[in-house]
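In what follows, every heavy atom counts, from backbone to side chain, and hydrogens, waters and symmetry copies are set aside. Sequence lines set the chain letters: A, B, ... in the order given, protein chains first and strands last, and positions in each chain run from 1.
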2 protein chains.
Amino acid sequence: MDLDDRNKKVLQAVIDSYIASGSPIGSTVLVKRFDFGVSSATLRNIMADLEEMGYLTHPHTSAGRIPTDLGYRYYIDSLISVENDSEDIEEHLQQAPQLQGDDLQELMEEASRFLATLSHCAGVIVAPSESEATYRHIEFVRLRGRQVLIIFVTSNGIVQNKLIDIDESIRQQDLNGFSAYLDEEIEHRSLAEIRQQLIEKIKEEKLVFMQLMDETYRASQDVQERENEKVYIGGASQMLESPEFANVEKMRALFKAFEDKYKLLKLLDRSVSAQGIKVFIGSENPYFEMQGCSMVVGNYNAGSNVVGTLGVIGPTRMQYKQVIHVVDYTAKLLSKLLGERFQRGLDR
Amino acid sequence: MDLDDRNKKVLQAVIDSYIASGSPIGSTVLVKRFDFGVSSATLRNIMADLEEMGYLTHPHTSAGRIPTDLGYRYYIDSLISVENDSEDIEEHLQQAPQLQGDDLQELMEEASRFLATLSHCAGVIVAPSESEATYRHIEFVRLRGRQVLIIFVTSNGIVQNKLIDIDESIRQQDLNGFSAYLDEEIEHRSLAEIRQQLIEKIKEEKLVFMQLMDETYRASQDVQERENEKVYIGGASQMLESPEFANVEKMRALFKAFEDKYKLLKLLDRSVSAQGIKVFIGSENPYFEMQGCSMVVGNYNAGSNVVGTLGVIGPTRMQYKQVIHVVDYTAKLLSKLLGERFQRGLDR
DNA sequence: TATTAGCACTCTATATTGGAGAGTGCTAAT
DNA sequence: ATTAGCACTCTCCAATATAGAGTGCTAATA
């Protein structure tokens, strides 16, 4: 961090040029493209200094300089100005909703492709995590024999379902009754509480429903878990456009990693806590062992209680400024869509 | 088709060897590995004949022979014996269900990965197409204001939903009533018929529900369309293992093609009509412009009325015999699972 | 003291060359 | 009809040469 002004400028110039061109930057190129008022020899000295400090490196003795991960880090923390033109984004948000999937799942897929297209990287979205208290409606549909399909509707319009087996055959009519009962109660308490309440009532009367309640409770947990594990990846082939992945082995590893969505989930979840856009550069991320990859991630929300993560995975040499914008924009867009479409409890 | 016995044997030997090794097969190799009772010179003559007939070709003058698409076609149609050991498969089906997703979607994803793992190719599954008449239950859930979520449950346990806006605010109670009415009627007629019936009733009374009915009808079509467009691709990275795709450009094109699922869908749908396993070799398939790729596809069903397609996409040089087995097995497995789990109308 | 010019040196990328090996196609003999 | 033999072709691989880009160092300069 103890860089004087000129050093900063040179570092920025090198990284900018490298991001743009993809090939190592030599002193003469720098002198031609920028006007530092010094000769190439001086630049060589400066670059040697920057290399000693760990911000730049050499692929080989007689090649130009490329940024190290540390260099990128400094670049992002101190050098690029992500203009906070929130008005500009706001404007865009007003006019171009662009996403219109009316199923949550569809919306997520669309959004991940949207991210990918704008960023030229792979777009990744982690489905919103639900808290238990938000069920709006629970429905039971009897299929054949002892099979019952439970349908959960959350207040933001997400529909989930789970098939269960129960011991005794129950009439659809009774199921409807139970459903109505749950709908009524769910306004005031969580499923866990209702279950507790039923356990107390058990000696009195409705013994039949106890098992159903238990199954419902368990199913709701299953369903939550399942939904929380969903990762949408869109436009992965975008990443292959950049020459960084001309190496077949790397490509292969990349796609293997993408198929193991669980790891991705863990990685992305780590950053959920904080607000704002975060950038993970190359080796900085411990879970995703992929050399030469960076991630730009942000959060989105719906109303207030539902929050998910979204972001972009691309080569370390990416257009950070632009990508940060795109992620920011998409996060806001998604939040807005989820917020307005599934807004909670206004008229309950 | 006018091949004498010896020519057939040589063709088979060449293709078998090429599939196994991946490199062009020369006359000496053939003479060493197989016992034709003739010299390499004679084999050269035979191979030259086969080349003239279009079954084999040369990468260059002094290389061994490799099969043409026509050669593969002949190989599959006439030379390989896919032993119809249906007992064997039956046995497997009995003991190892292997797939256990309890959501249809989950099951499809699992199955596509299953295909990929066993075949070392990419596994592709087209979601079962529904016919309109199979709804088991239709449910309306009022969200805020004029938004209503319609939930469709088909008789095989697939849940679909769609958000609609209606003109006037309706009470949840009324919605429940309408739902019950539809549930009752849907037993006897299709949605289209019910709609017709309501139109006739319109002058009399229930004017309010007409709009809802229209929306419901439209939504059901949307939902069907959406479900029918779903293609699940699993284990795409499996394909990259084979040296055929060491070429970066090919890999890139492949993944681009995979992301455009619509084309895949069209391609796979074409073969839905017929029963049994079909093999499309390289250039034989008109929609999917991907050189060096073959597809092995089959059908699955659930009960009787629901049918989908599943298959495998891999390099033209694939282990056809084995892959055909795998596709056959998976199709039967999936049919069995869907059949037993979502069996229709046994106790209605 | 900081900067610059100049030059030797290093390393990559690319083209060229020259076998070695594999395989064919043809011819003449069986 | 089959075979042995041989000349020919083509790829693959390693070795070699060459041009170009860029550095690091030294000595001169402001």
Side-chain angles (χ1 to χ4, degrees), chain A residues 2-11 13-15 17-18 20-68 71 243-244 246-248, chain B residues 2-11 13-15 17-18 20-68 71 243-244 246-248:
Chain A
D2 47 348
L3 291 185
D4 67 20
D5 211 50
R6 196 176 63 179
N7 281 6
K8 277 187 192 172
K9 272 187 184 149
V10 172
L11 181 57
V14 170
I15 300 186
S17 303
Y18 180 67
S21 76
S23 42
I25 307 302
S27 53
T28 46
V29 183
L30 225 47
V31 118
K32 247 179 261 167
R33 194 149 20 185
F34 300 84
D35 184 23
F36 291 108
V38 296
S39 78
S40 67
T42 312
L43 278 182
R44 280 202 286 284
N45 288 332
I46 297 174
M47 284 159 94
D49 288 351
L50 287 171
E51 178 161 6
E52 205 175 348
M53 287 187 272
Y55 296 120
L56 295 178
T57 189
H58 255 149
H60 56 86
T61 359
S62 79
R65 300 308 210 285
I66 61 175
T68 60
E244 265 81 355
N247 179 327
V248 177
Chain B
D2 48 346
L3 291 184
D4 68 18
D5 211 51
R6 197 176 63 181
N7 281 6
K8 277 187 193 172
K9 271 188 185 147
V10 172
L11 182 56
V14 170
I15 300 186
S17 303
Y18 179 67
S21 76
S23 42
I25 308 299
S27 55
T28 46
V29 182
L30 227 46
V31 119
K32 247 179 259 167
R33 192 148 22 182
F34 299 85
D35 184 22
F36 291 108
V38 296
S39 78
S40 68
T42 313
L43 279 182
R44 279 202 287 283
N45 288 331
I46 297 174
M47 283 160 94
D49 289 351
L50 287 170
E51 178 160 5
E52 205 176 346
M53 287 187 273
Y55 297 120
L56 294 178
T57 189
H58 255 149
H60 56 86
T61 2
S62 78
R65 300 310 210 283
I66 60 176
T68 61
E244 266 81 355
N247 178 328
V248 177

(message) So if I take every side-chain heavy atom of B:A48 and compare against C:dG25, D:dG24, C:dA5, which nucleotide ends up nearest?
(response) C:dG25
(message) Testing the basics here: between A:F34 and A:S17, what is the closest heavy-atom pair and its distance to 0.1 Å?
(response) CE1-OG, 3.4 Å
(request) Specify the separation, in whole Å, of atom CZ of B:R33 and atom C1' of C:dA22. (result) 15 Å
(request) Return the minimal non-hydrogen interatomic distance between A:V14 and A:L56, and the atom names on each side. (result) CG1-CD2, 3.8 Å
(message) From CG of B:L30 over to P of C:dG23, roughly how many Å is that when rounded to an integer?
(response) 11 Å
(message) What is the separation between atom NE2 on B:H58 and atom P on C:dA22, rounded to the nearest whole Å?
(response) 16 Å
(message) Whole angstroms only, please: what is the CG-C1' distance between B:L43 and C:dT24?
(response) 13 Å
(message) Classify A:T28 by what it touches in the nucleic acid, base, sugar-phosphate, or nothing, heavy-atom distance under 4.0 Å.
(response) sugar-phosphate
(request) Quickly work out the A:I46 CD1 to D:dG22 P distance and round it to whole Å. (result) 17 Å
(request) Give the nucleotide from the list C:dT4, D:dT3, D:dG24 with an atom nearest to the side chain of A:T42. (result) C:dT4
(request) Would you indicate which nucleotide in D:dT3, C:dT10, C:dA5 comes nearest to any side-chain atom of B:A41? (result) D:dT3
(request) Whole angstrom is fine here: how far is it from CG in B:L50 over to P in C:dT24? (result) 13 Å
(request) Identify which nucleotide among D:dG5, D:dT3, D:dG22 has an atom closest to any side-chain atom of B:R44, counting heavy atoms from C-beta outward. (result) D:dG5
(message) Could you identify the nucleotide paired to C:dC9, looking across every strand shown and requiring Watson-Crick or G-U wobble geometry with both distances under 3.5 Å?
(response) D:dG22
(request) With a 3.5 angstrom cut-off on both distances, give the Watson-Crick or G-U wobble partner of D:dA28, or none if there isn't one. (result) C:dT3
(message) For a quick check of understanding: with a heavy-atom distance under 4.0 Å over all strands, which category does A:A63 fall into, base, sugar-phosphate or nothing?
(response) sugar-phosphate
(message) Considering every strand and a 4.0 Å limit on heavy-atom distances, what is the contact class for A:S40: base, sugar-phosphate, or nothing?
(response) nothing
(request) Flag yes if more than 12 heavy atoms outside B:D4 fall under 6.0 Å of its CG atom; otherwise flag no. (result) yes
(request) Could you please name the option among C:dT24, D:dC10, D:dT23 that lies closest to any side-chain atom of B:T61? (result) D:dC10
(request) If C:dT30 has a Watson-Crick or G-U wobble mate with both distances under 3.5 Å, name it; if not, just say none. (result) D:dA1
(request) Take B:V38 and A:S27, find for each the nucleotide of DNA chain D with the closest heavy atom, and name the residue whose nucleotide sits nearer the 5' end. (result) B:V38
(request) Give the rounded distance in Å between these two atoms: CD1 of A:I25 and C1' of D:dT23. (result) 15 Å
(message) Among C:dT4, C:dT24, C:dA22, which nucleotide has an atom closest to any side-chain atom of B:S62?
(response) C:dA22
(message) With a cut-off of less than 4.0 Å, is there a side-chain N or O of B:R65 near OP1 or OP2 of C:dG25?
(response) yes
(request) Measure the distance from CG on A:N45 to C1' on D:dT23 and round it to the nearest whole Å. (result) 11 Å
(request) Return the minimal non-hydrogen interatomic distance between B:M47 and B:V10, and the atom names on each side. (result) CG-CG1, 4.3 Å
(request) Tell me which nucleotide among D:dG22, D:dC10, C:dT24 gets nearest to the side chain of B:H60. (result) D:dC10
(request) Any strand is fair game: report the nucleotide pairing with C:dT16 by Watson-Crick or G-U wobble, both distances under 3.5 Å, or none. (result) D:dA15
(request) Report yes if the side chains of B:L30 and B:I25 come closer than 4.5 Å at any heavy-atom pair, otherwise no. (result) yes
(message) How close do A:G71 and A:I15 get, counting heavy atoms only, and between which atoms?
(response) O-CD1, 3.5 Å
